[in-house]
Amino acid sequence: MEMQQEANQQQGSEVSPNQTIYINNLNEKVKLDVLKKSLNDVFSHFGKILEVKAFKTLKHKGQAWVVFEEAESASTAIAKMNDFPFYDKRMRIQYAKTKSDVVAKADGTFVPREKRKRHEEKGGKKKKDQHHDSTQMGMANSAYPSVYGTAPPLSQVPYPAGVKPILPEAPAPPNNILFVQNLPHETTPMMIQMFFSQYQGFKEIRMVEAKPGIAFVEYADEMQSTVAMQGLQGFKIEQDPMLITYAKK
DNA sequence: AGCACA
């Protein structure tokens, strides 16, 4: 008969809706400023953001708080973005458990908290148990809810309308094609061919008229592309140093 | 896994 109440307790935890969302399962390899900026970019689709907070302490990495001006924005954000692939991991989003300081300050209810448990700042250099270095980027998470059935590859997950996918800026793995950026817009293939063709294995330059300033340079194999990259990295065509990375496949 | 406010 009544089977409509499950929508309310999607997290299995009882936290009342409020204007701050708590996000975890974030990719811990992403630098903090980049992470916060990307979170801001993504979540500003749902309303005005007052603040984005994230920390890199052991207890808090992989997590972030996004404070909206309106609680409704937070609700929409959760509904639309929970399990959203973000830097190759699915964001898990809930309402934050406690009121954010910015909000309390606006409320007038802010009371400076007592010194909490002394934050373990990184004073010593003990790093015994942090060797989880296994790169698990791109592994589908098997434990996420029903909507997609069995987890599809992240690359196939549909994105909510109006939200651009955030592609990991993680460097592409070494391969035989180089991606060259920061070229003067007048650059022609011939101009840079002079440089790239002096390296063994050079095959071709590809440029797209619609996208000035970039080029793809193909070599026979990744050894050769790597040598060329190392030789030409930062080389200045006019005055701007070119930025060379491996192309995404 | 882990809910803070440098």
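The structure presented is a predicted model; accordingly, all values stated were derived computationally and were not measured. The chains referred to below are lettered A, B, ... by the order of the sequence lines, with proteins before strands, and numbering in each begins at 1.
In this structure, the CD1 atom of A/Ile23 is 18 Å from the P atom of B/dA1, given to the nearest Å. Spacing between atom CG of A/Asp101 and atom C1' of B/dC3 amounts to 13 Å, rounded to whole angstrom units. Rounded to whole Å, atom P of B/dC3 lies 9 Å from atom CD of A/Gln94. When the C1' atom of B/dC3 is taken as reference, atom CZ of A/Arg113 falls 11 Å away, rounded to whole Å. Between the NZ atom of A/Lys56 and the P atom of B/dA4 there is a distance of 17 Å, given to the nearest Å. At whole-Å resolution of the value, CZ in A/Phe110 and P in B/dA4 are 14 Å apart. When rounded to the nearest whole Å, the span between OH of A/Tyr22 and C1' of B/dG2 equals 5 Å. For A/Asn25 and B/dC3, the CG to P distance is 14 Å, given to the nearest whole Å.
Remark: the A/Thr57 side chain and the B/dA4 base include no donor-acceptor N/O pair separated by less than 3.5 Å. Side-chain N/O atoms of A/Glu28 and base N/O atoms of B/dA1 include a donor-acceptor pair closer than 3.5 Å.
Looking at heavy-atom distances under 4.0 Å, A/Lys99 makes contact with a base.
Side-chain contact check for A/Tyr95 and A/Ser16: no donor-acceptor pair (N or O, by modelled atom type) lies under 3.5 Å. Using modelled atom types, one finds no donor on one side chain facing an acceptor on the other under 3.5 Å when comparing A/Ser225 with A/Tyr199.
A distance cut-off of 5.5 Å between ring centres, combined with a plane angle under 30°, places A/Trp65 in a stacking arrangement with the base of B/dA4.
Distance from the side chain of A/Thr20 is smallest to B/dA4 among B/dC3, B/dA4, B/dG2.
Contact annotation: A/Lys97 side-chain N/O to B/dC3 OP1/OP2 distance is under 4.0 Å.
Of the residues near DNA chain B, A/Gln63 and A/Leu32, the one whose nearest nucleotide (by heavy atom distance) lies more toward the 5' end is A/Gln63.
Put simply, A/Met207 and A/Val180 are part of the same group of oily side chains (I, L, V, M, F, W, Y) that touch within less than 4.5 Å, one to the next. Residues A/Phe195 and A/Leu178 share a single hydrophobic cluster, defined by chaining ILVMFWY side chains whose heavy atoms lie under 4.5 Å apart.
For residues 201-211 of chain A, the side-chain hydrogen bond (donor to acceptor under 3.5 Å, both in side chains) pairs, not counting sequence neighbours, are A/Glu204-A/Arg206, A/Arg206-A/Glu218.
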